[in-house]
Amino acid sequence: YASLSFNSLETIGDDLNALNFDIQLNNSKVAINDLFHFSTELSENELLAKNNGQIFTISTNLNGNLQNLKINQLFFSGYRDTRISINGIVKEVLEVEHSYFDLKINTIHTTEKDLKTMLGTNLFPEGITLPRRITIDGSIKGNQKDLASTLTLKSDLTNGSIALNLTNTTDSIENIAYKAALKFSKIELGKIIQDTAFGAVNLEAYLDGQGVDFENIESIVRANINEFTYNRYTYSELVIDGKLMDKTFMGNASMNDTNLIFKFDGLVSINDSIPEYKFKLDLEGIDMQRLNLTTNDYRIQSAITAGLTG
């Protein structure tokens, strides 16, 4: 059902924000092909064209106006097993530069098969395994330039949480600033990259900077990799604290594993023009046989100070 209220048609003609509505839909069916009848431009959209045979189920409970839209319920389902459920508010819908949203994500659930049907198989790189099932919940709020989100992710390849703040989102991608706190358990790295030498990874990390490309990233990096498995050995307690900038890492790293203990402090740069290595490495001990790196009983203890340029 849908209810519309307004003072006069003339008022609406001058200002669509004057239109108040109450819309409730229960398991309504929408076919992508039907949308093309309303706009021929939609048929030229590559994503919609790929999904022109799909039929979706939508349930909604919306009220308010385009200045203050209250989403009591918005539920969407389609494909084989994809579901989206959200509620919240959206303000200034027509004024994109001034719009604001505050949404609760009750659930976003999809599968590997549905993602490939939606987006096409060519979008995903070869040699990478996608989760068979993905479920996300949390919240997201902000505007066109700044947004904040807290998300929880569950899948068959990892479970985790992300708290993310983004600013300058309308700028070029290298200027988008971010603060992110991540916590993931049992990332099945070997399955994801299809390399049996690697196993599961547990980590917590904090990033504060801008840029996502190694060429232009400038970010503080703090990470605690509690466990990671390589070559049938599970390492523990790798801690990293430093800064990435101009293809350079400056900071310290340490590990306090039973069979590998070290402390690193310094700078490593792989800048194309002038590579630079200035660091101190205190290798308190490594048992290469127990780490499954050699079959012979090799144990090494060393202290290295490096200062190389070019």
Side-chain angles (χ1 to χ4, degrees), residues 11-23 30 32 35 38-39 41-51 56 58 60-76 78 82-110 115 118-119 123 134 136-153 160-182 205-220:
T11 303
I12 297 175
D14 295 333
D15 183 10
L16 285 175
N17 290 322
L19 178 65
N20 293 287
F21 50 84
D22 184 357
I23 300 175
V30 177
I32 291 293
L35 298 178
F38 296 97
S39 171
E41 293 181 358
L42 291 177
S43 63
E44 298 173 3
N45 182 284
E46 185 178 351
L47 181 59
L48 291 177
K50 287 179 181 178
N51 295 276
F56 304 108
I58 299 176
T60 65
N61 182 346
L62 314 174
N63 58 56
N65 55 47
L66 296 178
Q67 279 187 316
N68 189 11
L69 175 62
K70 186 175 182 181
I71 305 171
N72 301 301
Q73 178 198 34
L74 177 57
F75 177 81
F76 163 97
T82 293
R83 305 181 301 277
I84 299 174
S85 173
I86 65 173
N87 62 271
I89 61 169
V90 181
K91 296 185 176 182
E92 302 295 348
V93 176
L94 298 178
E95 299 288 339
V96 177
E97 293 184 358
H98 303 99
S99 63
Y100 172 84
F101 55 87
D102 187 349
L103 302 174
K104 179 183 179 183
I105 302 171
N106 300 308
T107 187
I108 298 176
H109 174 84
T110 192
L115 284 173
M118 276 186 266
L119 305 174
L123 182 67
I134 306 169
I136 298 171
D137 61 53
S139 64
I140 181 169
K141 63 181 178 180
N143 53 42
Q144 188 186 27
K145 295 183 179 180
D146 308 302
L147 64 86
S149 64
T150 302
L151 303 173
T152 299
L153 180 147
S161 62
I162 302 172
L164 175 66
N165 290 336
L166 295 176
T167 57
N168 305 327
T169 55
T170 57
D171 208 332
S172 57
I173 190 168
E174 62 266 19
N175 291 326
I176 295 176
Y178 50 79
K179 292 183 180 180
L182 305 89
Y206 174 78
L207 305 173
D208 183 354
Q210 64 184 45
V212 293
D213 190 300
F214 190 61
E215 299 285 334
N216 56 51
I217 189 171
E218 182 177 336
S219 178
I220 293 171

Is any side-chain heavy atom of [X] less than 4.5 Å from a side-chain heavy atom of [Y]?
X      : Y      : value
Asn65  : Asn20  : yes
Leu115 : Ile134 : yes
Leu164 : Leu151 : no
Phe75  : Ile86  : no
Ile89  : Phe101 : no
Leu103 : Ile71  : yes
Glu92  : Gln67  : yes
Gln73  : Asn87  : no

Has the side chain of Tyr178 got a donor or acceptor atom that lies under 3.5 Å from a matching backbone atom of Gly211?
->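 Between the backbone of Gly211 and the side chain of Tyr178 there is a qualifying donor-acceptor contact (under 3.5 Å).
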Mark yes or no for whether Thr169, through its side chain, and Lys145, through its backbone, hold a donor-acceptor pair below 3.5 Å.
->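 Looks like yes, one N/O pair under 3.5 Å.
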Test side-chain contact (heavy atoms from CB on, under 4.5 Å) applied to Asn72 and Leu62, step by step = CA-CA 6 Å; Asn72 301 301; Leu62 314 174; over 6 Å; no
May I ask you to check whether [X] and [Y] show a side-chain donor-acceptor distance below 3.5 Å?
X      : Y      : answer
Asn63  : Asp22  : no
Asn175 : Asn168 : no
Asn106 : Asp137 : no

Any chance you could lay out the side-chain contact (heavy atoms from CB on, under 4.5 Å) test for Leu153 and Ile162, step after step, and finish with the verdict?
-> CA-CA 8 Å; Leu153 180 147; Ile162 302 172; over 6 Å; no
Which distance, rounded to the nearest 0.5 Å, do you find between the OG of Ser85 and the CD1 of Ile108?
->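 Going from OG on Ser85 over to CD1 on Ile108, the span is 9.5 Å.
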Could you tell me the separation between the CG atom of Leu166 and the CG atom of Asp146, rounded to the nearest 0.5 Å?
->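 Rounded to the nearest 0.5 Å, the CG-CG separation comes to 9.0 Å.
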Would you name the heavy atoms of Thr82 and Met118 that are closest together and state the gap between them?
->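 Nearest heavy atoms, Thr82 then Met118: OG1-CE, 4.0 Å.
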Quick one: closest heavy-atom pair of Asn143 and Ser99, and the distance?
->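 Heavy-atom minimum between the residues: CB-O, 3.1 Å.
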Step by step, work out the side-chain contact (heavy atoms from CB on, under 4.5 Å) result for Leu147 and Ile140.
-> CA-CA 7 Å; Leu147 64 86; Ile140 181 169; 4.3 Å; yes
Decide yes or no on side-chain contact (heavy atoms from CB on, under 4.5 Å) for Ile220 and Leu207, but give the supporting numbers first.
-> CA-CA 6 Å; Ile220 293 171; Leu207 305 173; over 6 Å; no
